[in-house]
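See below for the structure under consideration.
Each chain gets a letter, A, B and so on, in the order its sequence line appears, and its residues count up from 1.
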Number of protein chains: 2
Amino acid sequence: MNLRDLRYVIAVADHRHFGRAAEACHVSQPTLSGQLRKLEEMLGMTLFERTNKSVVPTQAAEQILPLARAAVENADAIAALAQGWRDPLAGSLRLGVIPTLGPYLMPRVLGPLKQHYPNLDLVLWEDVTDNLLSRLRRHELDAALLATDVMEDGIVDIPLFDEPFLLVMPEAHPLSAMEQIDAARLETVEMLVLADGHCLRDQALAACKQPGGGRADLRATSLEMLLNMVAAGYGCTLAPAVTVAGRASPVSGTVTRPLAPGTAGRTVRLAFRETFPRRTAVEAVAAAIRTLHPGGT
Amino acid sequence: MNLRDLRYVIAVADHRHFGRAAEACHVSQPTLSGQLRKLEEMLGMTLFERTNKSVVPTQAAEQILPLARAAVENADAIAALAQGWRDPLAGSLRLGVIPTLGPYLMPRVLGPLKQHYPNLDLVLWEDVTDNLLSRLRRHELDAALLATDVMEDGIVDIPLFDEPFLLVMPEAHPLSAMEQIDAARLETVEMLVLADGHCLRDQALAACKQPGGGRADLRATSLEMLLNMVAAGYGCTLAPAVTVAGRASPVSGTVTRPLAPGTAGRTVRLAFRETFPRRTAVEAVAAAIRTLHPGGT
DNA sequence: TGATAATGATCGGTAAAACCTATCATGAGT
DNA sequence: ACTCATGATAGGTTTTACCGATCATTATCA
């Protein structure tokens with residue numbers, strides 16, 4: 001059985017006339033007659049009682065017709081759906097973002113992206129790097145914004161921009177007197193870091209050569225919380241530029257200073273499966289983010 | 001798009017493996033790969049992300065799959081329905097019957113017919129001849145049990161049996177003394193007949209040469225009512241043998257006498273469109289009825 | 001590290017099918 | 001008697017679905 005045949009059946013039932021039905025199906029009348037006859041043979045029953053005067057569906061055909069219509073409608077729905085997905089810049093793109101990037105970067109990206117590609121629906125998922133990569137592998141995400149090198153098999157990435165880390169310290173901190181902090185000084189500070197799993201944690205600890213891992217009695221799952229701890233005087237922290245650059249004013253009670261150029265920073269990347277078919281959409285997102293950082297990689 | 005292609009898509013989605021999906025579809029793997037690729041091209045989108053390690057449906061495919069499954073299920077339902085109709089002696093047969101035949105003949109036919117052809121469902125429709133023929137022409141009935149010649153274009157019939165008319169009269173009627181009534185006597189009686197439209201009315205009037213049409217102040221729509229009128233002494237009537245032969249006892253207050261052989265009677269026929277495809281079923285019904293009347297035509 | 005196995009893609013050729021044009025048979029209307 | 005309209009049929013062409021064989025890539029294992 002064939003969808004085309006079902007369309008023929010429906011057309012004949014609707015027009016009650018082989019010639020007009022054939023015309024509606026854009027085939028010749030003999031073609032339609034022949035195909036219908038073959039279908040009837042295959043089904044082992046007569047679908048239409050024909051005379052030279054009239055064509056009337058049999059009882060069996062009347063029962064079959066709604067099913068045939070449903071099948072054809074489903075097929076048409078598939079075609080319509082496909083039409084919607086033809087544009088790689090349409091449909092939903094499931095984008096993972098790490099927590100130290102999402103709240104700061106996405107608000108500035110979503111607007112312009114929606115403006116350029118109104119049919120592209122970004123579905124955001126915030127989680128730490130490892131979980132994002134797992135979801136990416138499991139096809140639960142299409143792409144992910146990360147700040148680490150990706151050494152994952154089958155996953156590739158587009159570097160978007162480099163950003164330096166800044167030192168954030170309590171107002172009273174001695175280093176607040178300096179315009180710029182160098183690497184040596186960095187190793188001397190009491191460094192507060194995020195909870196396990198955040199890439200920023202590891203990067204901050206590496207930058208200040210404190211592989212042990214900050215104060216064990218404090219736990220911050222968000223960068224905002226961490227900054228509040230700094231403001232409360234518990235210590236200092238390293239924050240990526242993007243997390244402070246967008247602010248109207250620094251967190252009250254803290255002072256922010258840049259590090260000596262090249263001391264520490266991170267590269268933000270858009271990672272995705274190399275087999276992901278809608279690379280165009282991924283590249284559009286990458287381009288949109290790069291546009292916000294003209295000095296990027 | 002093709003139902004076969006949809007089956008391929010479903011198989012690949014289910015097996016997540018081209019080779020096994022192909023096996024399940026009883027085609028070679030290259031065939032399935034090729035067809036799937038063509039479908040993807042036609043739809044203008046990728047349905048599966050393939051690596052040498054895994055085959056995963058894209059988001060678009062996930063949306064399409066339920067539709068594809070529905071379409072395939074509809075097609076399968078059509079095939080199943082057709083399977084049920086393959087046997088011409090299965091499914092419903094819409095049978096019209098005239099009122100002076102149905103209540104007397106059908107009870108004796110339905111049982112044996114159901115026994116022989118348990119899958120054949122007779123759907124009965126009782127009406128007068130003209131209405132039955134209209135419905136037959138409009139394909140609202142498949143066959144009709146009539147007691148008149150059918151001169152309808154495109155309608156043919158199978159004669160089933162002849163039956164004589166009997167004279168039914170009030171107990172006190174003078175003719176009740178005779179064993180048999182001849183044609184001449186028949187013309188002398190006060191004849192009660194059924195309402196307009198019943199073929200028995202015309203046949204009775206013709207038999208007693210009273211074309212005018214009985215007593216205008218009496219109207220009977222059923223033969224039973226007519227017999228009651230006879231019992232009440234309003235006059236006599238002609239009843240087909242089948243309507244009194246099946247009775248345990250005659251209607252009380254009436255006497256029934258045969259006519260002289262060949263005087264008046266009717267031929268019961270099974271009429272149907274000559275294009276009706278399930279002639280086998282019609283013939284089965286005809287045979288069943290004839291079996292009850294071994295002396296039939 | 002090199003052989004083996006498994007994956008999906010590709011190629012060339014074949015068989016089936018769908019299709020078209022032309023024609024036929026039948027019946028209705030004029 | 002003629003014309004028109006119906007659906008069916010015949011013959012031939014084009015499309016397409018299919019298979020077997022083979023390839024490229026990658027994972028596995030000795």
Pairs involving [range], ordered by first then second residue, that meet salt bridge (charged side-chain N to carboxylate O under 4.0 Å, His left out) (sequence neighbours left out):
range	result
residues 13-27 of chain A	A:Asp14-A:Arg69
residues 127-139 of chain A	A:Arg135-A:Glu140, A:Arg137-A:Glu152, A:Arg138-A:Glu140
residues 71-100 of chain B	B:Arg7-B:Asp76, B:Arg94-B:Asp142
residues 50-67 of chain B	B:Glu40-B:Arg50

Taking salt bridge (Lys or Arg N to Asp or Glu O under 4.0 Å) as the test, write out the residues that go with A:Lys114, two or more places apart.
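Applying salt bridge (Lys or Arg N to Asp or Glu O under 4.0 Å) to A:Lys114 gives A:Asp121.
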
What are the residues of residues 26-33 of chain A, sorted by number, that bring a heavy atom to within less than 4.0 Å of DNA chain C?
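Under 4.0 Å from DNA chain C: A:His26, A:Val27, A:Ser28, A:Pro30, A:Thr31.
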
Measure the CG-OH distance between A:Leu36 and A:Tyr8 for me, rounded to the nearest 0.5 Å.
10.0 Å

How long is the gap from CZ on A:Arg269 to CZ on A:Phe161, to the nearest 0.5 Å?
11.5 Å

Minimum heavy-atom distance between B:Ala70 and A:Asn74, given as atom pair plus value:
CB-ND2, 3.3 Å

Which atom names give the shortest non-hydrogen contact between B:Ala281 and B:Leu120, and what distance separates them?
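For B:Ala281 and B:Leu120, the tightest heavy-atom pair comes out as CB-CD1, 4.3 Å.
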
Under a 4.0 Å heavy-atom criterion, DNA chain C is touched by chain B from C:dT7 to C:dA28

B/S/- contact track for nucleotides 25-30 of chain D, protein heavy atom under 4.0 Å
BSSS--

Looking at residues 6-22 of chain B, who's got a heavy atom less than 4.0 Å off DNA chain D?
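When residues 6-22 of chain B is checked for heavy atoms under 4.0 Å from DNA chain D, the hits, listed by number, are B:Tyr8.
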
Sidechain-backbone polar pair: B:Arg201 side chain, B:Leu194 backbone, donor-acceptor under 3.5 Å
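Yes; at least one donor-acceptor contact below 3.5 Å.
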
Can you tell me if A:Arg273 and B:Thr51 form a side-chain donor-acceptor pair at under 3.5 Å?
no

For B:Ala284, check side-chain contact (heavy atoms from CB on, under 4.5 Å) against everything at least two apart and list the hits.
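Residues passing side-chain contact (heavy atoms from CB on, under 4.5 Å) with B:Ala284: B:Leu89, B:Tyr117.
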
Pairing residues for A:Pro277 by the side-chain contact (heavy atoms from CB on, under 4.5 Å) criterion, not counting sequence neighbours:
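Checked A:Pro277 against side-chain contact (heavy atoms from CB on, under 4.5 Å); matches are B:Thr46, B:Glu49, B:Thr58.
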
Residues A:Asp5 and A:Lys38 bridged, charged N to O under 4.0 Å:
no

Side-chain N or O of A:Arg37 less than 4.0 angstrom from OP1 or OP2 on D:dG7?
no

Gap between atoms CG and P, on B:Leu39 and D:dA17 respectively (whole Å)
11 Å

Rounded to the Å, how far apart are A:Glu23 CD and D:dA5 C1'?
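Rounded to whole Å, this separation is 15 Å.
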
Describe, as an angle rounded to 10 degrees, how the axis at the first end of the helix from C:dT1-D:dA30 to C:dT30-D:dA1 is tilted relative to the axis at the last end, five pairs per end.
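Its terminal axes enclose an angle near 20°.
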
side-chain hydrogen bond (donor to acceptor under 3.5 Å, both in side chains) for B:Ser33 and B:Gln29? Distances and angles first, verdict last.
CA-CA 6 Å; B:Ser33 280; B:Gln29 171 264 317; 3.1 Å; yes

